[in-house]
Amino acid sequence: MTEEPWRVRFRREDELVEQLQSQLLEAAARRAKALADGRAELGSVYKVAKAVGKSYTAVSNAIKKYPTTE
């Protein structure tokens, strides 16, 4: 079995990394919006953090990093 040249493999994997990074940013923004909606529903970041099993800091930072434009 002949292996593809390293340049071909690198380009393919580099494209995949770029796609995944883009998807990760989009998912993080959607996650932050969901957390912000949870804050609106439950009344506090603390309650959201407790409901999803994350730390207050993690939830608060996620919401701050991707603020909603509404």
I need the [X] [atom1] to [Y] [atom2] distance, nearest 0.5 Å.
X   : Y   : atom1 : atom2 : value
R11 : E4  : CZ    : CD    : 11.0 Å
K65 : S60 : NZ    : OG    : 13.5 Å
R31 : E26 : CZ    : CD    : 15.5 Å
Q21 : Q19 : CD    : CD    : 11.0 Å
E18 : Q23 : CD    : CD    : 12.5 Å
L20 : E13 : CG    : CD    : 9.5 Å

Over all heavy atoms of both residues, which pair between [X] and [Y] is shortest? Give the atoms and the distance, please.
X   : Y   : answer
A62 : L35 : CB-CD1, 3.8 Å
A51 : L42 : CB-CD1, 4.2 Å
I63 : A32 : CG1-O, 4.1 Å

* How far apart are the C-alpha atoms of L25 and Y66, what are their side-chain angles, what is the distance that settles it, and do they pass the side-chain contact (heavy atoms from CB on, under 4.5 Å) test? -> CA-CA 10 Å; L25 288 174; Y66 300 95; 3.7 Å; yes
* To do: Dump the intermediate steps for side-chain contact (heavy atoms from CB on, under 4.5 Å) on K47 and R39, then the final yes or no.
  => CA-CA 8 Å; K47 289 179 182 177; R39 179 183 57 192; over 6 Å; no
